[in-house]
Asker: 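Here it is: the structure, laid out below.
When reading the values below, keep in mind they use all heavy atoms of this one structure, side chains included, and skip hydrogens, waters and symmetry mates.
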Amino acid sequence: MARYDAKESEKHWQAVWDQRQCFVAPNESTRPKCYVLEMFPYPSGRIHMGHVRNYTMGDVLARFRRAQGYNVLHPMGWDAFGLPAENAAREKGVNPRDWTYANIATMRGELKRMGLAIDWSREFATCDPDYYAQQQRLFIEFYKAGLVYRAEADVNWDPVDGTVLANEQVIEGRGWRSGALVERKKLSQWFFKITEYADELLSALDRLDRWPDKVRLMQKNWIGRSEGLRVIFDLSNGSRVDIFTTRPDTLFGASFVALSPDHPLSQRLGEKDSKIAAFIESCHRLGTSEAAIETAEKMGYDTGITAAHPFAPEWKLPVMIANFVLMGYGTGAIFGCPAHDQRDLEFARKYDLPVLPVVIPDGSDAKTFEVGDEAYVGPGHLANSRFLDGMSVEEAKNEVARRLEAEGRGKREVNYRLRDWLVSRQRPWGCPIPMIRCGKCGLVPVKESDLPVLLPDELQFKGAGNPLDSHPTWKHVDCPQCGGRALRETDTCDTFVDSAWYFARFCDTTAEGPVSRKAADYWLPVDQYIGGVEHAILHLLYARFFTRGLHRLGYTDVDEPFAGLFTQGMVCHETYKGSDGQWLAVGEIEKRDGKAYLKGSDLEVTIGRSEAMSKSKKNGVAPEGIVDLYGADTIRWFMLSDSPPERDIEWTNEGAEGCWRFVQRIWRLIEEAKDLPPPRTPVASVDGEALELRRATHRAVAAVTDDLENLRFNRAVAQIYTLANAIGTAPPSIPGAVRREAVETLVLLIDPMMPHLAESCWQALGHEALVVDEPWPKADPDLVRQDVITIAVQVNGKLRGTIEMARGAEKSSVESAALALEPVARALDGKPPRRVVVVPDRIVNIVA
RNA sequence: GCCCCUGUGGCGGAAUGGUAGACGCGGCAGACUCAAAAUCUGUUGCCUUCACGGGCGUGCUGGUUCGAGUCCGGCCAGGGGCACCA
């Protein structure tokens, strides 16, 4: 019997599918639609195991839905702008465009070898001028709709590279590439007004019931809604300052007012007072990185100005400038209540300000209650607070708000942690922001007829700064409005903009505008989106925002882009370290008797814990090699087996070999069955072992269907093993038609997961048609249902035996059968049972 | 610091409050073979027993229940998210 030749078979079937255009999705159909999408890859060079896992899961779902009769859209594209191309350009002297498209060509080939059911006719890369031209159109339309603006912002500035850095690119206060100390710098930047949708982005999370709770929670925290009160304080210099607080109840515990160093008042004071200016400057020298914040000490500067307490004008509070007050949140000013806020407490202890408790835990005495090193933030009743005394925290909050609102000195307000999305990047390999700055007319969008703003063909990467900015001619243009000399914006879009609407473009990649309304109405929202949890906030939040923008502009009537979201786990592998403590690559070691040695030597190597495959730990295994060795179906099967899809999976050679053995085993089962008569004959009523195989077949159909519906791939795999085992152990005497039914069903069930093998098996079984065009099998409920049920019998909750009973047997007969069991009698030791609990068709528990 | 998730055999993991360990990997024994590979069969939580059997088992600890891996409280451990957000 010939072994299954995966290499030959996979190449063949991929060509057949391609030639018959099996996976090209029409934009109109009488069938129901299903849009399955995996997060598109960055073309870094080669696909890795994470891609394989991600795209296999999506592919299984796409093929499953297709078999169920859906018109399935399953596209693929490339998130192609970004830094690695620039780095390659700098390091290797190549053009970032050439580098990117070469990578895409390589990776497209690798994905095609996976046998993915993708509509390749819709493929695009975000660096295609066709795509980013549409994005520029959207940018201008968003601008005209008031969703884009330009403003000054504090950013991490790397003075050596001459560019803005993201927070993640600042390591211990230094730029990750240059090593230069990062400065805080105010720069004019472009923003998307995502905060306009803050409340909606938050409240709509409740309706995303096919999203993981974890992701919804992370977004909720990120948006960070908090309700509070804006309060006006009159200052001794005749001006006033607004503060925001979520704890108006603690107003009588106030001991200072603190301003952000960037607060307009601080700035004004700094202009007149050089000491204040110097203090503000020292605050700015601190980085904005987490590490810098964590270690930063509270610093304050007394302005000499005082603020009048809103309920007691004679009560004067010092007005400080404090480094821990952020301009970007609330009003950039706070009142400090040291007894009930940890930061305020640390600040007060340092500058020797009063600490007066005003919320007393119930059961404590206001006279003796003291605050030590920790502020009291729990519940309690008010004290030392005049008309609030005795109230609960909630009552006091309301009372303060009510009084101050009545006096016009306060206003209930909602604040969000979410900031507007800064999209400017001083990077040349991105979508140019289609705006022009004119000395006379200000900001002017590029004229529709002048779009797209194309990137120059050649970019010079020598020297610091943005090559677009230093390009001799690119930025010099005429103002579209007045015709005078003007400057083109040289910033490009954050690459997260590119990925914020690509799913909408897939609906019709030939649309004249950015998105075809008709196609979007048909396909959106994406029914199932699959990707890594690392995008739980940024990408997914931006895409939700963009979809609302598209809605506002009339391109779609949906608000939420992804009806279902699944976040898959990472692919891990054990790690190896040599005696010098350096990481060793998987290919550099060999394993003998569970120990690892340097390849070709007796030098033992330390085996470290299993971690996500990464370049730095050298624990990656290239998918290409595995596909060469075993074929795509084996690697696909591995990715679906064992680990639940949302959890991490560990790649092992043994596991891969096991999958490959299973591929061969299925092939053998089919070879043995292929001459069985006659194909797909109705199976007459049978009994005994033949009936058991029929039952196993239909149970497998029911279970696999249910598992795939719910993306429980690992369980579907286990069900298929169970069916294969049942076929393998069924006696030769059973009718051929029964075996054939089982075998054909097995092929239909494995098809979404191992599509090439399934086609070869289907052909071997004598079918002319492709299995990919076969409908999904249906389970016969009569065969799924068990007529004889094994009921467990417990004594005091401990299993003592089992009885076989007909489905729906009378309680009394079940009870007497249970009591008749010998081990039950032994356990009862002659005493009558105190109680017998009979759960029909399930269990009997005898209480002794 | 705040919020969230996860703890089950040697390993990955199954299990609507109802027979814990399905299925896979690995191990052990056997068949086939001159031999090996491949394949097939059996076996495989721990302790105890010649055996029949018995006892113990889902991180620890209480509780609810006829019955808890599953529900509730308190710990411990690991992982993740957010973090001067007023």
Side-chain angles (χ1 to χ4, degrees), chain A residues 1 3 212-222 224-226 228-229 243-248 250 258 260 290 292-294 296-298 322-326 328-337 340-344 346-347 374 377 415-419 533-534 536-537 572 594 610 637-638 641-644 646-650 652-659 661-662 664-665 668 703 712 714-725 728-729 790-802 823 826 833-839 841-848:
Chain A
M1 193 184 294
R3 311 203 82 192
D213 290 343
K214 180 171 72 168
V215 173
R216 290 195 282 174
L217 186 68
M218 281 163 70
Q219 293 216 352
K220 185 178 172 225
N221 291 339
W222 186 265
R225 184 180 198 273
S226 57
L229 192 69
I243 64 95
F244 175 74
T245 179
T246 55
R247 294 296 303 272
T250 63
S260 163
E290 278 183 26
I293 287 164
E294 209 169 326
E297 217 178 300
K298 303 274 178 292
N323 66 340
F324 68 92
V325 182
L326 306 174
Y329 187 80
T331 62
I334 60 161
F335 85 84
C337 176
H340 305 294
D341 182 288
Q342 192 59 32
R343 290 155 308 174
D344 296 350
E346 284 167 28
F347 190 77
E374 274 188 37
V377 294
N415 257 293
Y416 297 92
R417 214 189 69 99
L418 182 71
R419 311 290 168 74
V533 74
E534 66 273 17
I537 295 171
C572 299
S610 182
W637 188 250
F638 183 100
S641 305
D642 293 354
S643 288
E646 68 278 9
R647 268 199 237 172
D648 290 351
I649 191 171
E650 187 180 349
T652 62
N653 284 336
E654 293 78 9
E657 279 166 25
C659 293
R661 278 200 299 270
F662 186 62
Q664 296 298 340
R665 193 166 142 220
R668 273 196 312 276
R712 294 185 299 238
N714 57 320
R715 297 213 315 198
V717 163
Q719 300 293 351
I720 288 171
Y721 273 114
T722 306
L723 177 58
N725 290 344
T729 54
T790 307
I791 295 177
V793 180
Q794 301 178 332
V795 176
N796 290 335
K798 235 183 259 291
L799 183 71
R800 292 297 166 180
T802 58
R826 207 179 327 136
R834 285 200 297 165
R835 184 177 163 189
V836 180
V837 180
V838 179
V839 183
D841 295 340
R842 280 214 171 270
I843 202 163
V844 179
N845 191 14
I846 297 156
V847 186

Asker: Counting side-chain heavy atoms from CB outward, which of B:A86, B:A20, B:C3 is closest to A:Leu326?
Answerer: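 So the side chain of A:Leu326 is nearest to B:A86.
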Asker: For the side chain of A:Arg661, counting heavy atoms from C-beta on, which of B:C82, B:G26, B:C3 is nearest?
Answerer: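 For the A:Arg661 side chain, the nearest candidate turns out to be B:G26.
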Asker: Categorize A:Thr652 for me: base, sugar-phosphate, or nothing, with a 4.0 angstrom heavy-atom threshold over every strand shown.
Answerer: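 No contact.
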Asker: Quick one: which of B:A86, B:C23, B:U19 gets closest to the side chain of A:Asn725?
Answerer: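 Nearest to the side-chain atoms of A:Asn725, counting from C-beta on, is B:C23.
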Asker: Test side chain to side chain contact (heavy atoms under 4.5 Å, CB included) on A:Val844 and A:Ile791 and set out the steps.
Answerer: CA-CA 7 Å; A:Val844 179; A:Ile791 295 177; 4.0 Å; yes
Asker: Figure out the CE/P separation between A:Met218 and B:A83, and round it to whole Å.
Answerer: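 From A:Met218 CE to B:A83 P: 11 Å.
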Asker: Measure from the side-chain N and O atoms of A:Thr245 to the backbone N and O of A:Leu229, and report whether any donor-acceptor pair falls under 3.5 Å.
Answerer: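 It does not hold such a pair.
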Asker: Run the side chain to side chain contact (heavy atoms under 4.5 Å, CB included) check on A:Arg247 and A:Asp341 step by step: do they pass?
Answerer: CA-CA 10 Å; A:Arg247 294 296 303 272; A:Asp341 182 288; over 6 Å; no
Asker: Take atom CD of A:Glu657 and atom P of B:G24, then tell me their distance rounded to the nearest Å.
Answerer: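 Distance, rounded to whole Å: 16 Å.
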Asker: Which nucleotide wins on minimum distance to the side chain of A:Tyr329, given the candidates B:U19, B:C85, B:A14?
Answerer: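 Of the options given, the side chain of A:Tyr329 lies nearest B:C85.
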Asker: Which base sits across from B:U70 as a Watson-Crick or G-U pair, both distances under 3.5 Å?
Answerer: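 Check on B:U70: unpaired, no WC or wobble geometry under 3.5 Å.
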Asker: Under 4.0 angstrom, heavy atoms only, what part of the nucleic acid is A:Arg665 near: base, sugar-phosphate, or nothing?
Answerer: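 The answer is sugar-phosphate, as A:Arg665 gets under 4.0 Å only of primed atoms, P, OP1 or OP2.
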Asker: Hey, is the side chain of A:Asn845 pairing donor to acceptor with the base of B:G67 inside 3.5 Å?
Answerer: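 Looking at the base of B:G67, it does not pair with any donor or acceptor on the side chain of A:Asn845 (distance under 3.5 Å).
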Asker: The side chain of A:Lys798 lies closest to which of these nucleotides: B:A14, B:C56, B:A86?
Answerer: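 Looking only at side-chain atoms, A:Lys798 lies closest to B:C56.
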Asker: If we take the C1' atom in both B:G54 and B:G63, what is their distance in whole Å?
Answerer: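 So the two C1' atoms sit 29 Å from each other.
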Asker: When rounded to the nearest Å, what value does the distance between C1' atoms of B:U6 and B:G27 take?
Answerer: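 Rounded to whole Å, the distance is 28 Å.
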Asker: From C-beta outward on A:Arg826, which listed nucleotide comes closest to its side chain: B:G53, B:A86, B:C84?
Answerer: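 Selected nucleotide (nearest to the side chain): B:G53.
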Asker: For B:A22 versus B:A36, give the span between their P atoms, rounded off to a whole number of Å.
Answerer: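 Approximately 31 Å lies between the P atom of B:A22 and that of B:A36.
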Asker: Below the 4.0 Å mark, does B:C66 have OP1 or OP2 next to a side-chain nitrogen or oxygen of A:Arg835?
Answerer: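 The answer is yes; a side-chain N or O of A:Arg835 sits under 4.0 Å from OP1 or OP2.
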Asker: Counting heavy atoms from C-beta on, name the nucleotide in B:A86, B:G54, B:C25 closest to the side chain of A:Thr246.
Answerer: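 For the A:Thr246 side chain, the nearest candidate turns out to be B:A86.
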Asker: Is any side-chain nitrogen or oxygen of A:Ser641 closer than 4.0 Å to OP1 or OP2 of B:C23?
Answerer: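 For B:C23, neither OP1 nor OP2 has a side-chain N or O of A:Ser641 closer than 4.0 Å.
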Asker: With sugar-phosphate meaning primed atoms plus P, OP1 and OP2, does A:Val844 contact a base, only sugar-phosphate, or nothing at under 4.0 Å between heavy atoms?
Answerer: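 Touches nothing.
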Asker: Mind checking A:Val839 for me? I need base, sugar-phosphate or nothing, with any heavy atom below 4.0 Å counting as a touch.
Answerer: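 Base contact - A:Val839 has a heavy atom under 4.0 Å of at least one base atom.
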Asker: Determine whether the side chains of A:Arg665 and A:Asn725 contain a donor N or O and an acceptor N or O closer than 3.5 Å.
Answerer: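 A:Arg665 vs A:Asn725: donor-acceptor pair found between side chains.
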Asker: Please give the nucleotide sitting opposite B:C84 as a Watson-Crick or G-U wobble pair, both distances under 3.5 Å, or none.
Answerer: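 Looking at the geometry, B:C84 pairs with no nucleotide.
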Asker: With rounding to the closest Å, how many angstrom separate the P atoms on B:C46 and B:G9?
Answerer: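 The same atom, P, in both gives a distance of 12 Å.
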Asker: Assess A:Lys298 against A:Phe347: is NZ or CZ under 6.0 Å from the centre of the six-membered ring, and within 45 degrees of the ring's axis?
Answerer: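 Checked: cation-pi criterion not met.
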Asker: Is the base of B:G9 syn or anti, if syn means a glycosidic angle within 90° of 0?
Answerer: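 Chi for B:G9 falls in the syn range.
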Asker: Could you pick out which residue, A:Phe324 or A:Gly655, lies toward the 5' side of RNA chain B when each is mapped onto its nearest nucleotide?
Answerer: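 Of the two residues, A:Gly655 wins.
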Asker: Once you round it to whole Å, what is the distance between P of B:G79 and CG of A:Leu217?
Answerer: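 Going from A:Leu217 (CG) to B:G79 (P), I get 20 Å.
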Asker: Tell me what A:Asp344 touches on the nucleic acid: a base, only sugar-phosphate, or nothing, going by heavy atoms under 4.0 Å.
Answerer: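 Contact class for A:Asp344: none.
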Asker: Using the P atom as the reference point in each nucleotide, state the distance between B:G59 and B:G10 in Å, no decimals.
Answerer: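 B:G59 and B:G10 have their P atoms separated by 13 Å.
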Asker: Which whole-number value in Å describes the distance from A:Gln664 CD to B:A37 C1'?
Answerer: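 My rounded result for the distance is 14 Å.
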Asker: The side chain of A:Ile334 is closest to which nucleotide in this list: B:G54, B:G67, B:A86?
Answerer: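 My answer, after comparing the listed nucleotides, is B:A86.
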Asker: Quick one: sort the A:Phe662 and A:Tyr721 rings into parallel, tilted or perpendicular, breaks at 30° and 60°.
Answerer: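 Ring orientation of A:Phe662 relative to A:Tyr721: tilted.
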Asker: Ignoring hydrogens and angles, tell me if any N or O in the side chain of A:Arg835 forms a donor-acceptor pair with the backbone of A:Pro833 under 3.5 Å.
Answerer: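 Not confirmed, A:Arg835 side chain does not pair with A:Pro833 backbone.
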Asker: For A:Gln219 and A:Ala536, indicate whether the former's side chain and the latter's backbone hold a donor-acceptor pair under 3.5 Å.
Answerer: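 Yes, A:Gln219 side chain to A:Ala536 backbone: donor-acceptor pair under 3.5 Å.
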Asker: May I have the distance from A:Asp648 (atom CG) to B:C11 (atom P), rounded to whole angstrom?
Answerer: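 It is 18 Å, rounded to the nearest whole Å.
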Asker: With both distances kept under 3.5 Å, what pairs with B:A20, Watson-Crick or G-U wobble?
Answerer: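 Across all strands, not a single nucleotide pairs with B:A20.
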Asker: Would you mind reading off the distance between A:Trp637 atom CH2 and B:G24 atom C1', rounded to a whole angstrom?
Answerer: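 So the two atoms are 10 Å apart, to the nearest Å.
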Asker: A:Arg668 has a side chain; which of B:U39, B:A86, B:G12 sits nearest to it?
Answerer: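 In terms of side-chain proximity for A:Arg668, the closest of B:U39, B:A86, B:G12 is B:U39.
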Asker: Under the 3.5 angstrom rule, does the side chain of A:Arg800 hit a backbone N or O of A:Gln794 as a donor-acceptor pair?
Answerer: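 Not at all, since once roles are kept as given, no pair shorter than 3.5 Å links the two residues.
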Asker: Between A:Glu534 (CD) and B:G79 (P), how many Å, whole number?
Answerer: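 To the nearest whole Å, that distance equals 19 Å.
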Asker: Rounded to whole angstrom, note down the P distance from B:C60 over to B:G53.
Answerer: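 About 29 Å, rounded to a whole number of Å.
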Asker: Considering Watson-Crick and G-U wobble pairs with both distances under 3.5 Å, what does B:G45 pair with?
Answerer: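 Its partner is B:C56 (Watson-Crick or G-U wobble, both distances under 3.5 Å).
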Asker: With no angle test and no hydrogens, is the base of B:C85 tied to the side chain of A:Arg419 by a donor-acceptor pair under 3.5 Å?
Answerer: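 Under the 3.5 Å cut-off, the side chain and the base do form a donor-acceptor pair.
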Asker: With nearest nucleotide decided by heavy atoms, which residue, A:Arg842 or A:Ser643, maps closer to the 5′ end of RNA chain B?
Answerer: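 Its nucleotide being nearer the 5' end, the pick is A:Ser643.
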Asker: Would you indicate, yes or no, if B:C66 has its OP1 or OP2 atom less than 4.0 angstrom from a side-chain nitrogen or oxygen of A:Asn796?
Answerer: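 So the side chain of A:Asn796 is outside the cut-off, no N or O lying under 4.0 Å from OP1 or OP2 of B:C66.
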Asker: For A:Asn415, report the nucleic acid contact type (base, sugar-phosphate, nothing); a contact means any heavy atom under 4.0 Å.
Answerer: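 Counting heavy atoms under 4.0 Å across all strands, no contact is made by A:Asn415.
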Asker: Say we look at B:C34 and B:A29: how far apart would their C1' atoms be, to the nearest angstrom?
Answerer: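 22 Å, rounded to whole Å.
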Asker: Can you find a side chain N or O atom of A:Arg647 that sits less than 4.0 Å from OP1 or OP2 on B:C5?
Answerer: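 No, outside the criterion.
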Asker: So what does A:Pro823 hit on the nucleic acid, given a heavy-atom distance under 4.0 Å: a base, only sugar-phosphate, or nothing?
Answerer: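 Result for A:Pro823 = nothing.
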Asker: Taking the side chain of A:Trp222 as its heavy atoms from C-beta onward, which of B:G81, B:C84, B:A83 lies nearest to it?
Answerer: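 The closest nucleotide is B:A83.
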Asker: Paired with B:G78: which nucleotide, if any, by Watson-Crick or G-U wobble criteria at under 3.5 Å for both distances?
Answerer: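 WC or wobble partner is B:C5.
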Asker: Looking at every strand, decide which applies to A:Glu654 at a 4.0 Å heavy-atom threshold: base, sugar-phosphate, or nothing.
Answerer: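 Sugar-phosphate: the residue A:Glu654, judged by heavy atoms under 4.0 Å, touches backbone atoms but no base.
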Asker: Regarding A:Arg712, tell me which of base, sugar-phosphate or nothing describes its non-hydrogen contacts under 4.0 Å with the strands shown.
Answerer: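 Since no nucleic acid heavy atom lies under 4.0 Å of A:Arg712, the category is nothing.
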Asker: Do A:Asp344 and A:Ile334 pass the side chain to side chain contact (heavy atoms under 4.5 Å, CB included) test, and can you show the C-alpha distance, the side-chain angles, and the key distance before you say yes or no?
Answerer: CA-CA 10 Å; A:Asp344 296 350; A:Ile334 60 161; 3.8 Å; yes
Asker: Say we look at B:G42 and B:U64: how far apart would their P atoms be, to the nearest angstrom?
Answerer: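 B:G42 and B:U64 have their P atoms separated by 46 Å.
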Asker: Partner of B:A38 by Watson-Crick or G-U wobble geometry, both contacts under 3.5 Å, or none?
Answerer: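 Paired with B:A38, as far as the under-3.5 Å criterion goes, is no nucleotide at all.
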Asker: Does A:Tyr721 have a side-chain nitrogen or oxygen under 4.0 Å from the phosphate oxygens OP1 or OP2 of B:G24?
Answerer: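 A:Tyr721 to B:G24 OP1/OP2: no side-chain N or O under 4.0 Å.
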